[in-house]
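Accompanying notes for the structure given below.
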Amino acid sequence: MLDMKFIRDHLDEVEKRLATRGGELSLAGFRALDERRRSLLTESERLKALKNSASEEIAKVKDKSQVQDKIVQMKEVSQQIKVLDDELKGVEEELSCLLMVLPNLPHPSTPQGRSEADNVVVRTWGEPRTFDFEPRPHWEIGEQLGILDFERAAKITGARFVLYKGAGARLERALVNFMLNLHTGEHDYTEVLPPFMVNRASMTATGQLPKFEEDLFRIADPDFLLIPTAEVPVTNIHRDEILKKSDLPICYTAYTPCFRREAGSYGKDTRGLIRQHQFNKVELVKFTHPGCSDAELEKLTSNAEKVLQLLELPYRVMALCTGDIGFSACRTYDLEVWLPGQNGYREISSCSSFGDFQARRAGIRFREDEKSKPEFVHTLNGSGLAVGRTVVAILENCQQADGSVLIPKALRPYMGGLERIN
RNA sequence: GGAGAGAUGGCCGAGUGGCCGAAGGCGCUCGCCUGCUAAGCGAGUAUACUGGGACAACCGGUAUCGAGGGUUCGAAUCCCUCUCUCUCCGCCA
């Protein structure tokens with residue numbers, strides 16, 4: 001959520017900066033609504049002050065019959081207040097609806113652009129391997145090795161689900177452990193294991209609601225939603241809290257499954273593990289001082305990169321452009337891993353800074369000094385990494401001519417010493 | 001699922017219609033005192049919105065005692081609904 005006062009004072013600038021994201025967007029109506037709100041508020045509060053002072057006088061008088069006309073008068077005032085407050089409530093609801101669907105302002109460092117095609121390569125790491133045979137896509141490798149079973153998963157549940165078996169299941173689990181150990185052991189994150197379903201307040205705080213409900217799976221009876229990323233429960237750990245400045249930055253890492261409807265992606269990535277309704281992810285989340293978020297984003301990104309480096313998987317880092325960053329983000333680096341089966345780079349991690357956008361929605365604050373007013377922290381998060389896609393990368397990059405897959409050295413201790421899946 | 005109890009400021013805890021943004025204690029901050037430490041003394045210690053002011057200090061108003069509604073001139077206090085927590089029983093990984 002953007003700061004209402006900031007919008008009020010910089011209406012044109014806000015409109016212009018939001019326009020760089022593309023799409024239709026108008027702040028017409030905001031100003032009128034905002035002014036209406038304040039005039040209603042002023043009048044309502046004036047009457048409340050009147051009522052309060054009159055009530056005080058009435059309280060002092062023993063014989064209420066002496067103040068009977070005042071009581072009658074105040075009854076009338078109460079009615080007026082009620083009318084004003086009803087309208088005010090409506091106006092505030094409209095205003096808040098408007099505010100809640102407004103995306104974050106892009107960071108000045110975010111490259112201008114309209115789409116994915118305008119993203120900027122920041123750096124690349126590793127050399128894509130050259131094959132002396134035609135590299136196969138991971139689903140072929142996985143099915144042939146008997147470690148991925150899409151057909152049975154479709155029977156059990158439906159399309160876009162997978163059943164891991166044997167070394168495949170072990171590989172997934174090994175990756176989770178490997179990543180968590182790395183981030184807790186080397187990168188100083190605190191491990192958390194949050195709920196996998198959350199309430200609406202949590203989804204709203206991080207920005208999934210109200211705008212993107214169609215992307216989420218919902219539980220019918222208690223009105224809970226399945227998390228599309230650990231970002232949601234983990235960021236909400238500190239919702240409505242004032243954090244100690246000396247505790248910042250607070251860094252959490254969490255393994256969770258993620259659930260996504262993938263509405264509107266029919267026909268995209270229909271085969272394989274790339275786009276599933278349920279996938280595992282190890283997430284990195286930070287709460288930082290506003291002055292540190294830029295540096296912390298670099299650090300967080302490098303923490304995610306470290307996973308790929310240790311697994312010896314070639315990748316590149318992309319700076320997403322204004323047209324491609326997410327709703328809540330002000331800047332984002334995507335990590336794209338090389339996939340021989342697709343002969344291209346594919347997103348395996350997305351590392352974003354949200355500035356104070358989520359913190360304002362979630363009410364996460366800190367105090368600069370003992371006496372100063374609370375300010376919003378900055379929140380950041382990134383995948384470290386998407387586990388299913390990491391399996392894809394390993395299967396495709398480490399495949400051998402005979403159909404077997406060499407397990408990256410760093411992972412072997414987590415695989416009970418297994419060197420090769422065949 | 002059944003029966004009961006409860007939700008007050010950073011924490012504990014008082015408060016059953018007005019003088020309560022809220023006693024008291026703890027904690028914390030600043031100052032004083034004490035030749036270390038401990039104790040003691042004094043002052044301060046919520047947030048949001050809003051008006052004024054230099055969108056500074058500061059001054060004023062309003063709201064907030066789990067959430068929402070109601071009764072009343074007036075609600076932390078009375079009524080209704082909801083949420084959450086706890087205890088006991090049942091069930092269960």
Side-chain angles (χ1 to χ4, degrees), chain A residues 1-14 30-96 98-100 193-205 219-225 233 236-248 250 257 356 359-377:
Chain A
M1 185 164 62
L2 301 179
D3 181 11
M4 201 149 77
K5 285 198 200 98
F6 185 84
I7 302 178
R8 189 183 295 155
D9 297 339
H10 306 82
L11 204 68
D12 293 339
E13 184 198 333
V14 169
F30 173 87
R31 180 161 281 161
L33 227 41
D34 180 51
E35 272 164 16
R36 183 71 188 143
R37 168 176 173 268
R38 279 184 293 159
S39 86
L40 284 168
L41 197 61
T42 308
E43 182 57 10
S44 162
E45 289 187 348
R46 187 185 68 83
L47 292 178
K48 281 175 187 166
L50 180 73
K51 184 187 75 175
N52 286 345
S53 66
S55 291
E56 219 169 298
E57 285 174 45
I58 293 168
K60 284 187 198 139
V61 178
K62 290 258 163 55
D63 179 5
K64 300 300 180 205
S65 64
Q66 286 175 17
V67 286
Q68 202 47 49
D69 25 329
K70 190 150 256 166
I71 288 177
V72 172
Q73 208 181 326
M74 284 309 114
K75 195 171 192 140
E76 174 61 27
V77 169
S78 277
Q79 284 307 312
Q80 289 173 24
I81 290 171
K82 193 175 236 174
V83 170
L84 288 171
D85 280 353
D86 280 348
E87 189 186 344
L88 182 63
K89 202 173 151 192
V91 168
E92 284 188 331
E93 247 162 55
E94 263 187 84
L95 208 48
S96 130
L98 212 143
L99 226 47
M100 290 309 264
L193 184 61
F196 301 159
M197 354 176 163
V198 300
N199 55 34
R200 282 176 179 274
S202 292
M203 281 295 186
T204 306
I219 303 294
D221 191 356
D223 190 16
F224 293 153
L225 300 124
N236 275 281
I237 290 173
H238 295 301
R239 172 151 51 89
D240 296 321
E241 291 184 15
I242 297 178
L243 305 174
K244 289 227 294 266
K245 186 189 176 190
S246 57
D247 288 341
L248 302 177
I250 297 174
D356 62 8
R360 180 171 292 108
R361 286 177 165 238
I364 308 172
R365 297 175 292 175
F366 78 104
R367 274 181 227 277
E368 186 62 55
D369 295 300
E370 206 62 52
K371 301 240 159 154
S372 53
K373 290 183 52 164
E375 297 171 54
F376 294 111
V377 300

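Naming: A, B, ... by sequence-line order, numbering from 1 per chain.
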Practice task
Decide whether A:S55 and A:N52 meet the rule of one side-chain donor and one side-chain acceptor closer than 3.5 Å.
Solution key: no
Handout entry: Side-chain heavy atoms of A:K373 within contact of A:R365, under 4.5 Å
Key = no
Exercise for the section: Please test A:L84 against A:L47 for side chain to side chain contact (heavy atoms under 4.5 Å, CB included), starting from the C-alpha separation and ending with a verdict. Expected result: CA-CA 10 Å; A:L84 288 171; A:L47 292 178; 3.7 Å; yes
Now, which nucleotide makes the Watson-Crick or G-U wobble pair with [N], with each of the two distances under 3.5 Å?
N      : answer
B:rA7  : B:rU83
B:rC55 : none
B:rC20 : none
B:rU34 : none
B:rU72 : none
B:rU77 : none
B:rC88 : B:rG2
B:rG27 : B:rU45

Quick one: label [X] by what it contacts on the DNA or RNA (base, sugar-phosphate, nothing), any heavy atom closer than 4.0 Å.
X     : answer
A:R46 : nothing
A:K70 : nothing
A:S78 : sugar-phosphate

Euclidean distance, atom [atom1] of residue [X] to atom [atom2] of [N] [Å, nearest integer]:
X      : N      : atom1 : atom2 : answer
A:E43  : B:rU62 : CD    : P     : 14 Å
A:D34  : B:rC55 : CG    : P     : 17 Å
A:I71  : B:rU71 : CD1   : P     : 17 Å
A:E92  : B:rA63 : CD    : P     : 14 Å
A:R367 : B:rC28 : CZ    : C1'   : 12 Å
A:D369 : B:rC30 : CG    : P     : 12 Å
A:I364 : B:rU47 : CD1   : P     : 18 Å
A:M1   : B:rA48 : CE    : P     : 13 Å

Practice task
Go through the steps to decide whether A:K244 and A:F366 satisfy the test side chain to side chain contact (heavy atoms under 4.5 Å, CB included), and finish with yes or no.
Solution key: CA-CA 6 Å; A:K244 289 227 294 266; A:F366 78 104; over 6 Å; no
Taking the [atom1] atom in each of [N] and [M], what is the distance between them to the nearest angstrom?
N      : M      : atom1 : answer
B:rU62 : B:rA43 : C1'   : 28 Å
B:rC55 : B:rG51 : C1'   : 13 Å
B:rC11 : B:rG27 : C1'   : 7 Å
B:rC92 : B:rG4  : C1'   : 22 Å
B:rU29 : B:rG66 : P     : 29 Å
B:rG15 : B:rC20 : C1'   : 9 Å
B:rG17 : B:rC78 : C1'   : 8 Å
B:rU47 : B:rG9  : C1'   : 10 Å

Between [options], spot the one nearest the side chain of [X], thanks.
X      : options                : result
A:R37  : B:rC73, B:rC49, B:rU71 : B:rC49
A:K48  : B:rU62, B:rG68, B:rU47 : B:rU62
A:E45  : B:rG61, B:rG18, B:rU47 : B:rG61
A:L41  : B:rA48, B:rG51, B:rC49 : B:rC49
A:K82  : B:rU47, B:rG74, B:rU71 : B:rU71
A:P374 : B:rU47, B:rC73, B:rU62 : B:rU47
A:R8   : B:rA63, B:rC73, B:rU50 : B:rU50
A:K89  : B:rG74, B:rG69, B:rU71 : B:rG69
A:I58  : B:rC73, B:rU50, B:rA48 : B:rC73
A:A59  : B:rC73, B:rG18, B:rU50 : B:rG18

Problem - Derivation and outcome, side chain to side chain contact (heavy atoms under 4.5 Å, CB included), residues A:K75 and A:V72 - result: CA-CA 5 Å; A:K75 195 171 192 140; A:V72 172; 5.5 Å; no
Problem - Under 3.5 Å: donor-acceptor pair, side chain of A:K64, backbone of A:I58 - result: yes
Handout entry: Check: A:S202 main-chain N/O paired with A:N236 side-chain donor or acceptor under 3.5 Å
Key = yes
Exercise for the section: For A:Q80 and A:E43, run side chain to side chain contact (heavy atoms under 4.5 Å, CB included): C-alpha distance rounded to whole Å, both residues' side-chain angles, the deciding distance at 0.1 Å, then the answer. Expected result: CA-CA 10 Å; A:Q80 289 173 24; A:E43 182 57 10; 5.7 Å; no
Problem - Any A:N52 side-chain N or O less than 4.0 Å from OP1/OP2 of B:rG18 - result: no
Handout entry: B:rC73 phosphate, OP1 or OP2, under 4.0 Å from A:K51 side-chain N/O
Key = no
Completion exercise
Of A:K64 and A:M74, the one whose closest nucleotide on RNA chain B sits nearer the 5' end is A:K64
Fill in the blank from the handout: The answer to which of A:E56 and A:A49 contacts RNA chain B further toward the 5' end, by nearest nucleotide, is A:E56
Practice task
Answer yes when A:R38 and A:D34 have at least one side-chain N-carboxylate O distance shorter than 4.0 Å, and no when they do not.
Solution key: yes
